Amino acid sequence: MQRRNAEYEEGVKKQLTAMFGANGFDAERDIAAITVNRWSHGYTYAYTQLFDPEWEEGQAPHELGRKPLGRISIANADAEAGASLQAAIEAAARAVRELG
Ligand SMILES: Cc1cc2nc3c(=O)[nH]c(=O)nc-3n(C[C@H](O)[C@H](O)[C@H](O)COP(=O)(O)OP(=O)(O)OC[C@H]3O[C@@H](n4cnc5c(N)ncnc54)[C@H](O)[C@@H]3O)c2cc1C
């Protein structure tokens with residue numbers, strides 16, 4: 001059964017109230033709006049030996065695309081060519097290191 005956005009909003013308010021209500025949080029007062037984003041169908045591309053060339057070190061599209069630009073460093077799973085939480089965390093760690 002498909003849930004309606006109102007059900008998600010109610011669930012978010014209940015959970016936040018359970019976590020922070022005892023410390024003064026008031027969902028009706030403190031939440032201006034809730035945006036419900038459902039999982040998209042987008043997925044980070046990961047190279048396969050079948051269809052992708054063997055890129056020279058540093059020359060793969062995701063490596064070229066994540067090159068720092070001044071004080072801007074690029075994180076996110078796409079920048080590691082890996083569709084996982086671990087890839088996203090590794091990308092974040094690298095991006096912070098690049099800012100040195
Ligand atoms: C259906 C599905 C199942 C998955 N299952 C697993 C799993 O079991 N294990 C696993 O390790 N990985 C899983 N993944 C992959 C994992 O969720 C992603 O690799 C990871 O969340 C990517 O992290 P990210 O920080 O790169 O991007 P995201 O998590 O997509 O974060 C990007 C954030 O930027 C925000 N944003 C976008 N545009 C703007 C803007 N203009 N201004 C401000 N904010 C913006 C978005 O709202 C989002 O919160 C799954 C992915 C999907 C879609």
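Atoms within each ligand, like the ligands themselves, are counted from 1 in listed order. Note that the coordinates shown come from a computational prediction; the quantities given were computed from them, not determined experimentally.
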Which atoms of ligand 1 sit under 4.0 Å from any heavy atom of N76?
26 (O)
For L85, the atoms of ligand 1 under 4.0 Å from one of its heavy atoms are 10 (C), 11 (O), 12 (N)
Does A87 have a heavy atom less than 4.0 Å from any atom of ligand 1?
no
Would you call E98-R66 a salt bridge at under 4.0 Å N-O?
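No, no charged N to carboxylate O under 4.0 Å.
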Establish, from distance only, whether the side-chain atoms of Y47 and H62 form a donor-acceptor pair under 3.5 Å.
yes
Could you check whether E90 and Q86, counting side-chain N and O atoms only, form a donor-acceptor pair closer than 3.5 Å?
yes
With rounding to the nearest 0.5 angstrom, report the OG1 to CZ distance, T17 to F25.
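Answer for the OG1-CZ pair, T17 versus F25, is 5.5 Å.
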Not counting sequence neighbours, which residues clear side-chain contact (heavy atoms from CB on, under 4.5 Å) with E28? List them please.
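Listed in chain order: K13, D26.
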Nitrogen or oxygen atoms of [X] and ligand 1 under 3.5 Å apart:
X   : value
A77 : yes
S84 : yes
G82 : no

